[in-house]
Amino acid sequence: MTQSRILSISEIKAMVGEEIGCSSWTRISQEMIDIFAELTNDNQFIHVDPERAKSETSYGGTIVHGFLCLSLASQMVRSAIPRIKDINISINYGFDKIRFVTPVPSGSDIRGRFKLMAVDERKPKEFVMRYEMKIEIRGGDRPAIFAEWLVQLNLQ
C-alpha cells in the first residue's frame with residue numbers, strides 16, 4: 001500500500017505532535033531471517049536454528065534479528081506517511097535512539113507507527129524530519145522497536 005496523500009511542507013509542519021501514519025502488516029518468515037543471516041553473517045542459533053532455539057531458549061523458537069526489523073522501516077514509512085509536494089530527495093539521516101524492546105518470533109507480522117515530532121529547516125528547502133517510530137508485533141502488547149528516526153528532505 002502506498003500513501004496517496006500529498007501535502008505541502010507547511011501542511012506537514014502543522015502535524016507536529018500527531019501520529020501521521022501506520023503501515024500495513026509485514027510477515028517475517030524464517031526464509032527472510034535465514035537470508036538476512038547469510039547477508040550479515042549473523043548466524044546465531046536464536047535466529048537460524050528453530051529446534052535449538054525452541055529447546056535452549058525461552059523464545060519458543062527462532063526470533064527475528066533486530067536489525068532486520070529495523071531495516072524494514074524504510075518500506076513501512078513509504079506506505080504510512082503522506083508524500084510531500086515538491087520533494088526532490090529524501091535520505092536517511094540517522095537515529096537518536098533505538099531500543100529493541102521485545103523479541104519478534106519468526107512468522108510474526110509487524111508494522112510501523114509514525115508520530116511526527118519535529119520539522120527543522122536547516123537551510124532553504126532542506127528539512128530534517130524527526131519521527132517517533134514504533135514497530136509493533138500483531139497481537140503483542142509491547143512494541144518490538146522504539147526509535148527516534150531522522151530523515152532529511154530536500155525540496156525542489
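Heads up: numbering here begins at 1 and tracks the sequence.
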Original post:
Are I81 and M129 side-chain neighbours, meaning at least one heavy-atom pair lies under 4.5 Å?
Top reply: no

Original post:
Just wondering, do S74 and N92 contact through their side chains at under 4.5 Å, heavy atoms?
Top reply: no

**OP:** May I ask you to test the L72-I135 pair for a side-chain heavy-atom distance under 4.5 Å?
**Re:** no

Original post:
Closest approach of V64 and I33, non-hydrogen atoms and distance?
Top reply: CG2-CD1, 3.7 Å

Subject >> Least distance between heavy atoms, S79 atom then S24 atom >> reply: OG-N, 3.9 Å

Subject >> Interatomic distance, C69 atom SG to I137 atom CD1 [nearest 0.5 angstrom] >> reply: 7.5 Å

Original post:
What pairs meet the ring pair (Phe, Tyr, Trp, His ring centres under 6.0 Å) rule with one or both residues in residues 133-156, with sequence neighbours excluded?
Top reply: F95-W149

Original post:
So, do I110 and M76 sit near enough that their side-chain heavy atoms are less than 4.5 Å apart?
Top reply: yes

Output side-chain donor-acceptor pairs under 3.5 Å for residues 114-123, partner residues at least two apart or in another chain, one line each.
from : atom 1 : to   : atom 2 : distance (Å)
R122 : NE     : E126 : OE2    : 2.9
R122 : NH1    : Y93  : OH     : 2.5
R122 : NH2    : E126 : OE2    : 3.4

Subject >> With sequence neighbours excluded, residues passing side chain to side chain contact (heavy atoms under 4.5 Å, CB included) with L39 >> reply: I35

Original post:
Among the clusters formed by ILVMFWY side chains lying less than 4.5 Å apart, do L150 and I12 turn up in the same one?
Top reply: no

Subject >> Heavy-atom check, side chain of I87 versus side chain of L155, under 4.5 Å >> reply: yes

Original post:
Mind checking what makes ring-ring contact (aromatic ring centres under 6.0 Å, His included) contact with F45, not counting sequence neighbours?
Top reply: none

**OP:** Answer with yes or no whether the hydrophobic clustering places L153 together with Y131; edges join I, L, V, M, F, W, Y residues whose side-chain heavy atoms lie under 4.5 Å apart.
**Re:** yes

**OP:** Would you mind listing every salt bridge (charged side-chain N to carboxylate O under 4.0 Å, His left out) that reaches into residues 47-74, with sequence neighbours excluded?
**Re:** R52-E56

Original post:
Can you check whether T40 reaches L68 side chain to side chain, under 4.5 Å on heavy atoms?
Top reply: no

Original post:
Which pairs, with at least one residue in residues 11-21 and sequence neighbours excluded, count as a side-chain hydrogen bond (donor to acceptor under 3.5 Å, both in side chains)?
Top reply: S8-E11, E19-R113

Original post:
Excluding sequence neighbours, so at least two apart, what forms side chain to side chain donor-acceptor pair (under 3.5 Å) with Q75?
Top reply: T26

Original post:
Which distance, rounded to the nearest 0.5 Å, do you find between the CG of N154 and the CD1 of I84?
Top reply: 11.0 Å

Subject >> Sequence neighbours excluded - salt bridge (charged side-chain N to carboxylate O under 4.0 Å, His left out) pairs with any residue from residues 24-38 >> reply: R27-D109

Original post:
What residues, two or more places apart in sequence or in another chain, satisfy ring-ring contact (aromatic ring centres under 6.0 Å, His included) together with H47?
Top reply: H65

Subject >> Partners passing ring-ring contact (aromatic ring centres under 6.0 Å, His included) against F100 (at least two apart in sequence or in another chain) >> reply: F67

Original post:
When hydrophobic residues are tied together by side-chain contacts of less than 4.5 Å, even through go-betweens, does I63 share a cluster with M32?
Top reply: no

Original post:
Tell me, which pairs form a side-chain hydrogen bond (donor to acceptor under 3.5 Å, both in side chains) where one or both residues lie in residues 99-108, sequence neighbours left out?
Top reply: Q30-S106

Subject >> Exam field: side chain K125 to backbone Q156, donor-acceptor pair closer than 3.5 Å >> reply: yes

**OP:** State yes or no: do V77 and V16 share one hydrophobic cluster built from I, L, V, M, F, W and Y residues joined by side-chain heavy-atom distances below 4.5 Å, directly or via other members?
**Re:** yes

Original post:
By the rule that ILVMFWY residues connect when side-chain heavy atoms come within less than 4.5 angstrom, directly or transitively, which residues belong alongside W25?
Top reply: none

Original post:
Are I46 and I28 connected in a single hydrophobic cluster, I mean Ile/Leu/Val/Met/Phe/Trp/Tyr linked by side-chain heavy atoms less than 4.5 Å apart?
Top reply: no

Original post:
Hey, what do you get for CE (M133) to CD (E148), rounding to the nearest 0.5 Å?
Top reply: 10.5 Å

